[in-house]
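We name chains A, B, ... by the order of the sequence lines, and we start the count at 1 in each one.
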Number of protein chains: 2
Amino acid sequence: MSASARVPSFGCTCARLRKLARRVTRIYDAYLAPQSIKVTQFSLLVNATSRERTVSEFAAELEMDRSTLSRNLAPLVAQGWVSIAIGADTRSRSISVTAAGRRKLKAALPLWRKAQCEVESMLGTESVAQLHQNIRQALATLPNPTGKHA
Amino acid sequence: MSASARVPSFGCTCARLRKLARRVTRIYDAYLAPQSIKVTQFSLLVNATSRERTVSEFAAELEMDRSTLSRNLAPLVAQGWVSIAIGADTRSRSISVTAAGRRKLKAALPLWRKAQCEVESMLGTESVAQLHQNIRQALATLPNPTGKHA
DNA sequence: TGCATATAGGTGTAACTACACGCATATGCT
DNA sequence: AGCATATGCGTGTAGTTACACCTATATGCA
């Protein structure tokens, strides 16, 4: 009945999402730590293996700023897991996973799997499926102002 | 039928969660930009207004590393929105929102509300409710290795 | 061919995140 | 009271994220 009754029904969606992301990231990172790789880097490596891509293409797929991707690739390049070559278009760069990167991926995969399964078993397969469905729907629905913004 | 059939059923939960968090954060930040405040800072301010807390207490609530909170508070202090005083225990610090902070909060609230409502209307109230429920359950279930880790 | 424009990518800056570690203060035990 | 230990917090270091802007190359048009 108060004057501010029109406040949204839930807590800040963004804050809750970030909080969960922090929690989950810590869990995955803890599992991956023995292989000295972070879940963000692991994901980059996994996604990069499928095929070669330019920075812009990869950034678009990941819905990440180009400059962010550039910086996130740097440690992978430093570790020798990824190499960045000049593309057909001289301005572009072609991202590829090195042999060492594939080895690292292979070594880290079981640890990632443990983290993934652990989370799944703790939350329950049902809940995880629902969460993934929610995320999928949200990503399909929400606007994506990545890169240059209107 | 392959040897690696035991891979988890979904994509990396952590990566998907982070991707959505990036997307949603960009949306909220875009709405809040006119007030020169980010959603992370806005959340900090909102949560800090309820009562005074030490850094450790606040970090525990936010499930954020103490050092992270320290650093995230710095820009708020620099803007004069938050003040940090020495607590009863001389080692501790008492975090409080200043008058300027409350003004900033008041000015930013409608923008936050717009973002929150926009997201809710795009996803549908139903879906947002379900997402929040999923997040709540996950936060209640998953272990929280914040701070010193076992 | 040559210039204007568009595009690919990186840098500067700044904030968010966390672990390891160190400093200072508080507490407990003798 | 004095010392060992525990606790609160910041710093060092490193990675993640994004916007503004710059450089270099490619493209399109005269």
- Query: Reckon A/Thr25 touches a base, only the sugar-phosphate, or nothing at all at heavy-atom distances under 4.0 Å?
  - Reply: nothing
- Query: Cut-off 3.5 Å, side chains only: do B/Tyr28 and B/Gln116 have a donor facing an acceptor?
  - Reply: yes
- Message: How many whole angstroms separate atom CZ of A/Arg23 from atom P of C/dT17?
- Response: 14 Å
- Item | Under 4.0 angstrom between B/Ser56 side-chain N/O and D/dC9 OP1 or OP2 | yes
- Separation of atom NZ in A/Lys38 from atom P in D/dT17, rounded to whole Å: 10 Å
- Pull out every residue in residues 67-85 of chain B that has a heavy atom closer than 4.0 Å to any atom of DNA chain C, ordered by number, or say none. B/Ser67, B/Thr68, B/Arg71, B/Asn72, B/Pro75
- Message: Would you say B/Ser50 and B/Arg53 are linked by a side-chain donor-acceptor pair, where the criterion is simply a distance under 3.5 Å?
- Response: yes
- Query: A/Leu20 has an atom CG; how far is it from atom P of C/dT17, in whole Å?
  - Reply: 13 Å
- Query: Between B/Ala88 and B/Leu44, which has a closest nucleotide on DNA chain C that is more 5'?
  - Reply: B/Leu44
- Determine: side-chain N/O of A/Arg18 to OP1/OP2 of C/dT17, distance under 4.0 Å, yes or no. yes
- Atom-pair distance (CG on A/Asp29; C1' on D/dG15), nearest Å: 10 Å
- Within residues 92-99 of chain A, residues whose heavy atoms come under 4.0 Å of DNA chain C: A/Ser92, A/Arg93
- Note on the structure: Which of C/dC21, C/dC16, C/dA18 is nearest the side chain of B/Arg66? It is C/dC21
- note: B/Arg26, atom CZ; D/dT16, atom P; distance rounded to Å ~ 16 Å
- Position toward the 5' end of DNA chain C (nearest nucleotide), A/Val55 or A/Arg22: A/Val55
- Could you tell me whether A/Glu63 and B/Arg23 have a side-chain N and a carboxylate O separated by less than 4.0 Å? yes
- Query: Nearest-Å distance, CG (B/Leu32) to C1' (C/dA15)?
  - Reply: 15 Å
- Contact under 4.0 Å: B/Thr40 side-chain N or O vs C/dC16 OP1/OP2: yes
- Query: Quick one: does B/Thr13's side chain get under 4.5 Å of A/His132's, heavy atoms only?
  - Reply: yes
- Task: Using atom CZ of A/Arg91 as one end and atom P of D/dT27 as the other, report the distance to the nearest whole Å.
- Result: 6 Å
- Message: Which residue in the set A/Thr49, A/Leu69, A/Val39, A/Ile95 passes side chain to side chain contact (heavy atoms under 4.5 Å, CB included) when paired with A/Leu44?
- Response: A/Leu69
- Would you check if there is a donor-acceptor pair between the side chains of A/Gln35 and A/Lys104 at a distance under 3.5 Å? yes
- Between A/Asp89 and A/Val39, which has a closest nucleotide on DNA chain D that is more 5'? A/Val39
- Message: Looking at B/Arg51 and B/Glu61, is any side-chain nitrogen of the basic one under 4.0 Å from a carboxylate oxygen of the acidic one?
- Response: yes
- Message: Going by the rule side chain to side chain contact (heavy atoms under 4.5 Å, CB included), which residues pair with A/Ser94 if we only count those two or more places apart in sequence or in a different chain?
- Response: A/Glu52
- Task: For residues A/Ala48 and A/Phe58, report the shortest heavy-atom separation together with the two atoms involved.
- Result: N-CZ, 3.7 Å
- Please determine, by modelled atom types, if B/Ser96 and B/Ser83 share a side-chain donor-acceptor pair under 3.5 angstrom. yes
- Task: Round to a whole Å and report the spacing from CG of B/Asp65 to C1' of D/dC9.
- Result: 11 Å
